Protein chains: 2
Amino acid sequence: MTAPLRAPGGFPVVGIIGGGQLARMCAGPAVELGVTLSVLAEAPDASAALAIPSAPVGAHTDVDAVVAFARECDVVTFDHEHVPSDVLAALAENGVPMHPSPAALVFAQDKLAMRERLTALGIPCPRWASVRSAEEVTAFGDEVGWPIVAKTPRGGYDGKGVRVIGSTQELSDWLERAASDDSPLLLEERVPFTRELAVLLARSPSGQAAAWPVVETVQTDGICTEVIAPAPELDEQLAARATEAGLRVAGELGVTGVLAVELFELPDGEFVVNELAMRPHNSGHWSMDGAVTGQFEQHLRAVLDLPLGSPRPRAPWTVMGNVLGGDHPELYPAYRHVMARDPELKAHLYGKAVRPGRKIGHVNVSGTDLADLRERARHAADYIEGAVTE
Amino acid sequence: MTAPLRAPGGFPVVGIIGGGQLARMCAGPAVELGVTLSVLAEAPDASAALAIPSAPVGAHTDVDAVVAFARECDVVTFDHEHVPSDVLAALAENGVPMHPSPAALVFAQDKLAMRERLTALGIPCPRWASVRSAEEVTAFGDEVGWPIVAKTPRGGYDGKGVRVIGSTQELSDWLERAASDDSPLLLEERVPFTRELAVLLARSPSGQAAAWPVVETVQTDGICTEVIAPAPELDEQLAARATEAGLRVAGELGVTGVLAVELFELPDGEFVVNELAMRPHNSGHWSMDGAVTGQFEQHLRAVLDLPLGSPRPRAPWTVMGNVLGGDHPELYPAYRHVMARDPELKAHLYGKAVRPGRKIGHVNVSGTDLADLRERARHAADYIEGAVTE
């Protein structure tokens, strides 16, 4: 494996395991910070490999590849949560500094571990249960009321590994698999939330932490499609309590780097935690243009234990619209159109081939008129996708 | 030469000749725009080569290397003005789209050609003369008043190739060289300017143009050390006339990409043009953080004939401070210090080894209190350089 070319002056190399768009979007901030990135990419044309000079190809499940990669880096972080525990253990044995640490990361990898820990900390969660049998599913559903939410503890993302069920019968395939794997399932009550929120913050190994304003996230078919920063008409007390909970989770779990805490806002003005992610997160893409310090720069600063930057918003409102793959593979002509229509639009493309429903980019717009910003972000995203043509 | 890896979706490849920091700072915006960069770098560890995956090594004076490089790109642009005319001619013969075109670029390469053209257009210039003999120097000095400014028409930058002379005698070496090269020298009156300003704009091949606010540039020993955007207390009429002159120069000369027009502000409220640069320019580094569209993104949009982005400032004031190389080669510890002191500071490092006086980075700060911003930018730049230690 060729070592990444280091910049002179004592600047470190940050290794990222996984070559998706989250690794890719670290590229610009790393260039400006003067630090070198190296990405362990799943393919030579992975999203991040198109953007970062040092991008050896290797699987995040291949212990030897990951350890060889990490030896050339001063610190290692992650594009996703899917690095298996044996690989993380091998990295630890080799003395590789990792942020987040495996001890923290497990709470983003395993939703059951997360529920147990957050409950022990007194962080508000939906009622939940760890189950292995049909009887336990029925008992939980009867207790909290049907329908309920079933989750595979590991491996889910973007709505995958999550199922809303109205009866135990609907979970029979998962229960069979859980029995053969000897692994439990997570059940949660289906909370009657009014909207979804997210707390995004960064925490450094020294313990410094900085939180962005609480945002509203809009999901469509389990995929985030829009983020509004800050969350409109959010009760200040709720925002403060949610941020405090996020900071407490980060501190108690020893999270280093960016932490996203997805929340449900409840009709009574309370919240419960939905999910945790320990990496830059879709709910923070707005910050690339909308905050003094964007989440990708902040993640790099945090994992390097550099002083954190200000998360202050640059404008009253920023709206992020995700661009999903549509029917036509040629994005560039549509892209020209949205640029011409809106000179203030900030487009971010991931260098990924179009597949229907795949996240291939996002747009940000900042300003003072929220309704106008939402219309502009939505139109641009829809136009690039091909969902609208004028 | 290995072809740069193209992103799917019809996104183009932009080739940049020269691997300095101006090419490097295109890296982040290119990643976000989804376009691929390829850089013809002077060395494998050139500033831009550390940041851009496709960075073949070759000299900008080597016709074969440059043509082979350009064949893999959809459009070619420049990190500097030093590509010789025979290389540009070879590119043109090979049908390579270049922005700026050689026909425009000559006015940034050759200060005599620039003075002739601007004078013909009626753009305000200092009085000037093209001279070859000591007699002509004496006559010009006696006419406009000593001291005068002598310039080599080609090859100067950062104060190099410029000399202020009090007598013809002080120019004897240049006159000898000019005689042996059969090339004239440029003489200019030394205008009693009150300060230096710069108009920065971008123009696309379709003719769309967008100008940032006029800025004040502060030079120390011929090197830009500070930029204030917008120029404080600038007369609105003067700002409008200067911007209009810049846009007219861009249109008349057929400039494509970013154009910087350096100006002297005169005591009577008028201005004269000092220099032209046809590429992103030090006077525009503030825009990376201080404007909706930074100059590197805008340059890429312009050379691709994409619609231009808004040059609107994001804050009332942005101050840029250049970081010059100092006595100690290890920048990283100092860098941590300035980050801790000022969480809103945006640092940009170029991945270059420290040499005294060399431009190795810059910092930007935006806000409402200009005096405070200037102090913060200056302190951070001085601290990284090692000029101050607390």
Side-chain angles (χ1 to χ4, degrees), chain A residues 5-12 24-25 27-36 44-45 47 49-55 210 288-289 292-293 301 306-310 312 314-315 329-333 335-337 339-341 343-354 360-361 366, chain B residues 5-12 24-25 27-36 44-45 47 49-55 210 288-289 292-293 301 306-310 312 314-315 329-333 335-337 339-341 343-354 360-361 366:
Chain A
L5 211 54
R6 278 168 192 268
F11 288 81
R24 175 188 174 93
M25 288 188 272
V31 169
E32 300 315 324
L33 290 171
V35 305
T36 298
D45 62 348
S47 179
L50 295 172
I52 293 166
S54 174
M288 297 173 79
D289 302 299
V292 171
T293 311
R301 291 168 78 144
L306 284 169
L308 298 180
S310 165
R312 183 175 63 79
R314 292 180 192 263
E330 293 293 301
L331 297 176
Y332 196 63
Y335 183 60
R336 297 177 67 98
H337 173 93
M339 282 188 170
R341 187 178 194 261
E344 298 230 343
L345 186 86
K346 305 310 290 182
H348 302 270
L349 278 287
Y350 303 160
K352 291 162 75 173
V354 167
I360 54 173
S366 298
Chain B
L5 211 55
R6 278 168 191 270
F11 288 81
R24 175 188 176 94
M25 287 188 271
V31 169
E32 300 315 323
L33 290 170
V35 305
T36 299
D45 63 349
S47 178
L50 295 172
I52 294 166
S54 174
M288 298 173 79
D289 301 298
V292 171
T293 311
R301 290 167 79 143
L306 284 168
L308 299 181
S310 165
R312 184 174 63 79
R314 292 180 192 265
E330 292 294 300
L331 297 176
Y332 196 63
Y335 183 61
R336 298 178 66 99
H337 172 93
M339 283 187 168
R341 189 179 192 261
E344 298 231 342
L345 186 85
K346 306 309 290 181
H348 302 269
L349 278 284
Y350 304 160
K352 292 162 74 172
V354 167
I360 53 173
S366 299

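Bear in mind that the values here come from a model prediction, so they are computed numbers and not experimental data. Chain A is the first sequence line, chain B the second, and so forth, proteins listed ahead of strands; every chain is numbered from 1.
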Honestly, the part of Ala347(B) sitting under 4.5 Å from a heavy atom of chain A is backbone
Check whether Tyr350(A) gets within reach of chain B through its side chain, its backbone, both or neither, counting any heavy atom under 4.5 Å. neither
Best-contacting candidate, Lys352(A), Arg6(A), Arg301(A), against chain B by heavy atom pairs under 4.5 angstrom: Arg301(A)
With chain B as the partner, which of His337(A), Glu330(A), Met25(A) has the greatest number of non-hydrogen pairs under 4.5 Å? Glu330(A)
With a 4.5 angstrom heavy-atom cut-off, could you sort out which part of Met288(A) is near chain B: side chain, backbone, both or neither? side chain
Top contributor to chain B interface from Ser310(A), Gly28(A), Gly309(A) [non-hydrogen pairs under 4.5 Å]: Ser310(A)
Mind ranking Asp45(A), Val292(A), Thr36(A) by heavy-atom pairs under 4.5 Å with chain B and telling me who comes out on top? Val292(A)
Under 4.5 Å from any heavy atom of chain B, what part of Val354(A) do you find: side chain, backbone, both or neither? neither
Gap between atom CG of Leu349(B) and atom CG of Leu33(A) - 0.5 Å precision: 8.0 Å
Under 4.5 Å from any heavy atom of chain B - which part of Leu50(A): both
Of the non-hydrogen atoms in Asp289(B) and Lys346(B), which two are nearest, and what is the gap between them? OD2-CB, 3.2 Å
For the residue pair Gly351(A) and Pro8(B), what are the closest heavy atoms and their distance? O-CD, 3.3 Å
Answer key: most heavy-atom pairs under 4.5 Å with chain A among Gly10(B), Ala7(B), Ala210(B) is Gly10(B)
Between atom CD1 of Ile52(B) and atom CZ of Arg24(B), what is the distance when rounded to the nearest 0.5 Å? 9.0 Å
So what's closer than 4.5 Å to chain B heavy atoms on Arg341(A): side chain, backbone, both or neither? neither
Between OH of Tyr332(A) and CG of Leu306(B), what distance do you get to the nearest 0.5 Å? 3.5 Å
Under a 4.5 Å heavy-atom cutoff, which of Pro53(A), Ala49(A), Gly34(A), Pro343(A) has the most pairs with chain B? Pro53(A)
I'd like to know if Glu344(A) and Arg312(B) make a salt bridge, using a cut-off of under 4.0 Å between side-chain N and carboxylate O. yes
